[in-house]
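What follows is a short report on a single structure.
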Amino acid sequence: MGNARLIKHFWLLAFGICLSCIAQAQVTIRVEQLPENTPIDARLYLSGDFNDWDPGNPDYAMVRQPDGVWEFTINTNLPIFGYKVTRGNWPSVEGRPNGRARPNRIVKTNPSDGPTIQSIKIASWEDLAGDPINGYTFFLLFSAFQGLLLIIALNGIQDNNKSSNRVLSVLLFLISFALVGRVTIYDREIFQWMPKLFLAPELILFLYSPVFYFYIQALLKFEEKLPIKPWIHFIPFGIHLLCYSPLLLMENQLFIDKVVEEEIHVYVAVAGAIAWFFNAYYLYRVHLILKNYDKASTSTQSSGNNLGYLNGVLLVNGICLVAWFSVYLIIGFSELFDLNVVTIREYATDAVWGVFAITTYVLGYYAMNQPEVFKLPKVVEKYKDSHLPDGEMVVYKNRLVKAMEEDEVFMNPELTLAQLAELVHTNTHTLSRVINEGFGKSFYDFINTYRVEAFTEYMLKPDNQQETFLSVALKVGFNSKTTFNRAFKKVTGTTPRAYLKERSEESAPVKA
């Protein structure tokens with residue numbers, strides 16, 4: 001009797017388990033809002049794990065209610081399923097507010113909770129999201145196109161910075177490649193055709209900055225003496241490429257699914273964070289090169305170096321780093337407070353690439369308009385063991401004074417040590433020593449002292465006081481306002497206005 005009771009309980013328990021296994025959850029999907037451009041005669045369908053992702057299965061056609069809401073009730077024993085809403089095919093699937101592909105909607109089911117209602121809003125339809133070539137994407141494409149044209153132009157220039165232009169061509173190609181890849185994510189057809197272009201921007205994260213670093217060295221002829229081989233700079237890129245190889249070799253549809261479902265975004269975010277520090281380090285190295293170049297060139301050039309271009313490129317890259325960092329702040333903030341800031345994050349990312357695209361304009365303008373400015377003549381090592389007789393020192397000093405006071409060669413804004421050496425009939429080694437030891441100045445300070453004196457004398461004349469400081473500064477040989485102000489402060493210890501006021505008061509007649 002006891003055994004019979006045990007057997008009965010066992011079968012009741014087994015039956016209960018079976019019932020729970022086959023119990024289905026009821027989920028009603030309600031579409032409460034559609035995009036304004038939804039066709040009047042549109043029909044909506046559910047596509048998901050429950051129907052093998054068939055986008056136009058008539059058995060899963062949603063029904064429009066009298067109040068305009070579209071509904072469909074699913075009975076399923078799946079504990080969790082994903083789905084999307086379509087208008088009958090995959091091109092017409094729902095998208096994000098910007099028209100790009102959205103991740104699958106997810107529903108977790110539990111039969112014991114009773115019927116579930118999930119109300120949703122459709123932000124856009126991918127096929128009706130508008131032309132992917134808008135103002136922003138056109139700007140990126142035009143930047144990429146200009147970069148490719150510049151590569152052709154640069155390589156057609158004869159005898160003109162060939163070594164640096166080769167590196168610049170690589171740099172421009174990387175920028176263009178990344179920008180084209182960035183634009184493809186906005187076009188469904190291109191993305192479906194060549195989805196791996198999605199990775200193009202990611203592949204330059206560890207490549208752009210080392211190439212930019214070598215370009216600066218080649219352009220300025222100013223090489224840093226770091227105790228590492230050149231190829232070591234590209235090891236991080238090799239590691240990054242190796243980590244991406246499974247994605248690059250993946251079947252296209254599987255890759256598309258992983259991108260849409262943001263399954264690779266964690267890796268992209270981690271790699272991007274590491275790349276941020278990597279790029280920041282190289283931009284700092286470039287900053288040091290520009291600083292040291294500026295310091296070294298004062299011994300051979302009379303005007304301030306036209307580093308505005310390179311500092312401009314450095315500034316653009318610096319702004320990119322700041323915007324890039326802001327993307328991670330947004331991600332961290334959203335994770336910390338469990339907020340959905342996908343749209344803000346995407347706008348911030350778009351801003352990063354928008355700023356980055358400006359690089360081609362800056363690089364291109366400079367390369368085509370002033371390709372010869374940054375040629376630093378080889379600085380002759382100081383003369384420890386050489387000897388210049390006193391008689392020769394006097395001769396060259398007199399020649400220099402004549403060239404300055406009578407010939408006014410300082411009026412030439414592009415005057416260099418080599419040009420002045422030719423005028424006084426000597427070599428740059430001797431002339432540099434005469435200026436350093438005979439006048440106690442660097443070449444830069446020596447020339448600019450005469451320019452400051454010429455500026456002061458001109459401005460102290462009553463008839464000239466209506467002219468602007470800059471116009472007069474350019475007349476006496478300065479090539480920019482920045483160079484003028486810096487040189488004037490170094491020579492006189494004060495500003496032009498204060499110095500002229502002081503000189504005017506000194507020359508004013510004393511009242512009886």
Side-chain angles (χ1 to χ4, degrees), residues 29-72 74 82-107 118-142 179-195 197-198 252-253 255-262 265 340-351 353-354:
I29 308 297
R30 290 170 51 88
V31 179
E32 297 184 342
Q33 182 176 312
L34 296 174
E36 293 182 359
N37 62 350
T38 303
I40 298 177
D41 59 347
R43 297 195 65 186
L44 305 188
Y45 299 83
L46 288 181
S47 172
D49 294 318
F50 41 77
N51 65 356
D52 294 326
W53 292 95
D54 185 344
N57 190 328
D59 293 335
Y60 289 86
M62 304 189 75
V63 179
R64 188 173 185 177
Q65 306 301 313
D67 60 356
V69 174
W70 292 78
E71 282 189 1
F72 188 86
I74 302 170
Y83 75 95
K84 285 183 180 179
V85 179
T86 79
R87 299 197 331 273
N89 52 52
W90 282 121
S92 64
V93 69
E94 61 172 314
R96 285 185 281 180
N98 56 13
R100 288 159 60 181
R102 62 154 295 134
N104 295 335
R105 297 183 184 273
I106 302 297
V107 175
Q118 186 174 78
S119 299
I120 64 174
K121 296 178 180 180
I122 308 297
S124 72
W125 303 111
E126 285 192 22
D127 62 332
L128 301 178
D131 189 349
I133 304 302
N134 52 35
Y136 173 74
T137 53
F138 176 79
F139 177 73
L140 296 189
L141 279 179
F142 188 79
L179 293 178
V180 169
R182 182 67 187 169
V183 171
T184 61
I185 69 176
Y186 293 92
D187 190 298
R188 175 184 171 82
E189 292 184 3
I190 296 178
F191 180 64
Q192 293 286 336
W193 174 47
M194 298 184 67
L197 279 175
F198 174 85
N252 279 353
Q253 188 55 53
F255 178 82
I256 291 171
D257 293 341
K258 286 187 175 296
V259 171
V260 172
E261 293 306 309
E262 300 186 345
H265 282 50
N340 184 5
V341 290
V342 173
T343 302
I344 298 176
R345 182 190 69 198
E346 289 182 346
Y347 281 139
T349 304
D350 287 344
W353 288 101

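Values below: all heavy atoms of this structure, side chains included; hydrogens, waters and symmetry mates excluded. Note that the coordinates shown come from a computational prediction; the quantities given were computed from them, not determined experimentally. The first residue of the sequence shown is numbered 1, and numbering continues consecutively from there.
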Is [Y] close to [X] at the side-chain level, that is, under 4.5 Å between some pair of heavy atoms?
X: Thr349; Y: Arg182; answer: yes
X: Thr184; Y: Met194; answer: no
X: Leu44; Y: Leu34; answer: yes
X: Leu179; Y: Phe142; answer: no
X: Ile122; Y: Arg87; answer: no
X: Trp70; Y: Val85; answer: no

Between [atom1] of [X] and [atom2] of [Y], what distance do you get to the nearest 0.5 Å?
X: Thr38; Y: Glu94; atom1: OG1; atom2: CD; value: 11.0 Å
X: Leu197; Y: Phe191; atom1: CG; atom2: CZ; value: 10.0 Å
X: Ile74; Y: Asp49; atom1: CD1; atom2: CG; value: 10.0 Å

After noting the C-alpha distance and the side-chain angles of Glu71 and Val63, does the key distance pass the side chain to side chain contact (heavy atoms under 4.5 Å, CB included) rule? CA-CA 5 Å; Glu71 282 189 1; Val63 179; 5.6 Å; no

Give a yes or no answer on whether the side chain of [X] reaches the backbone of [Y] with a donor-acceptor pair at less than 3.5 Å.
X: Ser124; Y: Arg96; value: yes
X: Asn51; Y: Leu46; value: yes
X: Asn37; Y: Leu128; value: yes
X: Tyr186; Y: Thr137; value: no

Exercise: identify the closest heavy-atom pair between [X] and [Y]:
X: Met62; Y: Ile29; result: CE-O, 3.5 Å
X: Pro195; Y: Phe255; result: O-CE2, 3.1 Å
X: Val260; Y: Ala101; result: CG2-CB, 3.9 Å
X: Gly88; Y: Thr86; result: N-OG1, 3.0 Å
X: Tyr45; Y: Asn57; result: CD2-O, 3.4 Å
X: Ser92; Y: Asp127; result: CA-OD1, 3.5 Å

Using a cut-off of 6.0 Å, state whether more than 12 heavy atoms not belonging to Asp52 lie near its atom CG.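 Counting neighbours around CG of Asp52, 12 or fewer heavy atoms of other residues, nucleotides or ligands fall under 6.0 Å, so no.
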
Would you please classify the geometry between the Tyr83 ring and the Phe50 ring as parallel, tilted or perpendicular, with 30° and 60° separating the classes?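 Ring orientation, 0 to 90° scale: tilted.
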
Parallel, tilted or perpendicular: rings of Tyr60 and Phe72 (30°, 60°):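 It falls in the tilted class, 30° to 60°.
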
Give the C-alpha distance, both sets of side-chain angles, the deciding distance and a yes or no for side chain to side chain contact (heavy atoms under 4.5 Å, CB included) between Gln192 and Gln253. CA-CA 8 Å; Gln192 293 286 336; Gln253 188 55 53; 4.2 Å; yes

So Trp53 and Asp257, side chain to side chain contact (heavy atoms under 4.5 Å, CB included) or not? Walk me through it. CA-CA 12 Å; Trp53 292 95; Asp257 293 341; over 6 Å; no

For Lys121, is there an ion pair with Glu32 - N to carboxylate O distance below 4.0 angstrom?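 No salt bridge links Glu32 with Lys121.
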
For side chain to side chain contact (heavy atoms under 4.5 Å, CB included), just list the numbers for Gln118 and Val107, CA-CA rounded to whole Å, side-chain angles, deciding distance to a tenth of an Å, and then say yes or no. CA-CA 8 Å; Gln118 186 174 78; Val107 175; 3.4 Å; yes

